[in-house]
Amino acid sequence: MELRVLKYFLTIANEQNISKAADIIHITQPTLSRQIKELEDELGIELFERNKQNRKFLLTDEGVRFYNYAREIVELSEKTVEEFRTNDSELYGKIYIGAGETVSISTVAKAFSAIKQKHPRLEISLFSADAFTISERLDKGLCDFGVFIGYNNIEKYDYLELPQKNIWGLLTHKDNPFARFKSIKRENLLEHYEPIMISQQAQGKKELIEWFGGSTEKFNIIGTYNLLFNASVFIKENICSALTLDGIINTSSESDLRFVPLDPQITSDVVLVWKKGQKLSKQAKLLLDEIQKMK
């Protein structure tokens, strides 16, 4: 199994068309077809369903599983090459960061801006996801750093606490009565039976469960979300409000959305983590040193 062929496979999967993939890769279609057939024979599975009517190449169930492996292998290969092609006089390549949605990412952004002035060829690769997914990518070596919000399972990582604390509150429509509140108590949500979406990560946070009185069963929880942008669309349609952190979505006077903190106030620490005992790349070490200066 060659890395080159894995890249061919990924291109076909992304384009869903072998002719387009062949044009992108700059090889003939028969050659590309043969390479993929040999890959399927080696694996003993069919990776694609060939639709002769619309000429689409759609991944089979086994193909979807293999796609995830192939993408991780290619990403790790590219990351490894970047780390070893640099030198002390001119650093270049990418720093890979997985992060949940938080205003604390601004600390990372400022640090990257500072080191990029000295090393303009440096790049950053941001991957937004929940803590579980980021943890997986860290463990597989696909991320240099993770940014976790109030993450409990931190003992397996080295970490640095970032300066900002994140405040929990209710993101709601400007026409919602709650938009005029200075803060929101749990009794307010019960009295109005406000429809609420909660982030998947928030469901397991001890301090939030305690704020709800030990259980959310009495509250009008209509759903969950992973990343806030899509949930904010529901809020803009005035369908519901969302329990979230401050500063992630624009709530200025020009916006249709408002953020109201919880009462009593709940905050979450934000930490930058990396694999314990891992020797960081020169690029990643430079970023970490810059962040430590900012504390």
Side-chain angles (χ1 to χ4, degrees), residues 1-85 92-101 105 121-147 199-201 223-231 233 275 281 283-284:
M1 189 183 302
E2 297 182 37
L3 190 62
R4 167 180 54 84
V5 178
L6 293 183
K7 292 179 180 180
Y8 292 173
F9 161 74
L10 292 173
T11 304
I12 298 172
N14 292 333
E15 295 299 322
Q16 297 185 351
N17 184 288
I18 197 164
S19 297
K20 289 181 181 178
D23 289 341
I24 292 170
I25 299 167
H26 303 298
I27 63 174
T28 65
Q29 183 177 325
T31 300
L32 181 55
S33 297
R34 186 180 68 255
Q35 296 276 7
I36 297 304
K37 182 63 170 63
E38 290 175 357
L39 178 61
E40 289 178 321
D41 290 344
E42 181 180 356
L43 295 170
I45 59 173
E46 286 193 359
L47 296 170
F48 294 101
E49 295 175 359
R50 280 87 165 167
N51 189 318
K52 293 182 179 179
Q53 291 182 336
N54 58 20
R55 297 183 179 181
K56 277 197 171 184
F57 273 55
L58 302 177
L59 289 171
T60 62
D61 290 343
E62 293 291 341
V64 171
R65 286 183 58 209
F66 185 72
Y67 180 91
N68 293 327
Y69 284 114
R71 184 176 58 185
E72 289 182 358
I73 291 168
V74 170
E75 285 182 8
L76 187 57
S77 168
E78 292 174 348
K79 184 175 182 295
T80 303
V81 170
E82 286 172 357
E83 286 187 16
F84 285 92
R85 286 179 60 190
Y92 62 94
K94 293 180 182 177
I95 304 169
Y96 294 80
I97 299 176
E101 292 180 303
I105 198 69
R121 295 181 65 186
L122 278 179
E123 298 178 18
I124 198 157
S125 175
L126 290 175
F127 180 87
S128 297
D130 56 42
F132 178 80
T133 304
I134 294 167
S135 181
E136 272 195 328
R137 291 178 68 84
L138 275 169
D139 294 344
K140 291 176 180 177
L142 296 171
C143 284
D144 297 307
F145 300 107
V147 178
S199 73
Q200 293 172 7
Q201 287 180 262
T224 61
Y225 65 89
N226 183 14
L227 298 176
L228 186 58
F229 176 79
N230 286 341
V233 176
K275 284 179 71 173
S281 69
Q283 301 94 318

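As the structure is a prediction and not an experimental result, all values here were calculated from the model.
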Looking only at heavy atoms, which two atoms of Gly98 and Cys143 are closest? And how far apart? N-SG, 3.7 Å
Return the CG to CG distance between Leu58 and Asn17, rounded to the nearest 0.5 Å. 10.5 Å
Contact summary for Leu6 and Met1, nearest pair of heavy atoms: CD2-SD, 3.7 Å
Report yes if the side chains of Tyr225 and Gln200 come closer than 4.5 Å at any heavy-atom pair, otherwise no. no
side-chain contact (heavy atoms from CB on, under 4.5 Å) between Tyr67 and Asn14, worked out: CA-CA 10 Å; Tyr67 180 91; Asn14 292 333; 2.7 Å; yes
Closest approach of Ser125 to Lys94 (non-hydrogen atoms, all atoms of both residues): CB-CD, 4.2 Å
For Arg65, does the CZ atom have more than 12 heavy-atom neighbours from other residues, nucleotides or ligands under 6.0 Å away? no
State whether the side chain of Thr11 and the backbone N or O of Lys7 hold a donor-acceptor pair below 3.5 Å, judged by distance alone. yes
From Asp23 atom CG to Glu15 atom CD, the distance as rounded to the nearest 0.5 Å: 9.5 Å
d(Lys20 NZ, Ile18 CD1) to nearest 0.5 Å is 13.5 Å
How about Asp61: does its CG atom have over 12 heavy atoms from other parts shown lying under 6.0 Å from it? no
Nearest heavy atoms of Phe229 and Glu101, plus distance in Å: N-OE2, 4.1 Å
Decide side-chain contact (heavy atoms from CB on, under 4.5 Å) for Arg34 and Thr31; before the verdict, give the C-alpha distance in whole Å, the side-chain angles of both, and the deciding distance to 0.1 Å. CA-CA 5 Å; Arg34 186 180 68 255; Thr31 300; 3.8 Å; yes
I'd like to know whether Leu76 forms a side-chain contact (heavy atoms from CB on, under 4.5 Å) with Lys140, so could you lay out the CA-CA distance, the side-chain angles of the two residues, the decisive distance to 0.1 Å, and finally the verdict. CA-CA 8 Å; Leu76 187 57; Lys140 291 176 180 177; over 6 Å; no
For Ile12 and Ala21, work out which heavy atoms get closest and say how close. CG1-CB, 3.6 Å
Return the CD to CZ distance between Glu72 and Arg137, rounded to the nearest 0.5 Å. 7.0 Å
Hey, what do you get for CG (Leu47) to CD1 (Ile36), rounding to the nearest 0.5 Å? 7.0 Å
How close do Ile134 and Ala129 get, heavy atom to heavy atom, and via which atoms? CD1-O, 3.4 Å
Min side-chain heavy-atom separation Leu59-Phe48 under 4.5 Å: yes
To the nearest 0.5 Å, what is the distance between CD1 on Ile73 and CG on Asn68? 11.0 Å
Would you find a donor on one side and an acceptor on the other, under 3.5 Å apart, between the side chain of Glu46 and the backbone of Thr60? no
Tyr8 and Leu39: CA distance, side-chain angles, deciding distance, side-chain contact (heavy atoms from CB on, under 4.5 Å) verdict: CA-CA 10 Å; Tyr8 292 173; Leu39 178 61; over 6 Å; no
Would you call Glu40-Lys37 a salt bridge at under 4.0 Å N-O? no
If we ignore hydrogens and angles and just use 3.5 Å, is the side chain of Asp144 paired with the main-chain N or O of Tyr96 as donor and acceptor? yes
What do you reckon, is NZ of Lys275 surrounded by more than 12 foreign heavy atoms closer than 6.0 Å? yes
Non-hydrogen side-chain atoms of Ile95 and Phe145 separated by less than 4.5 Å: yes
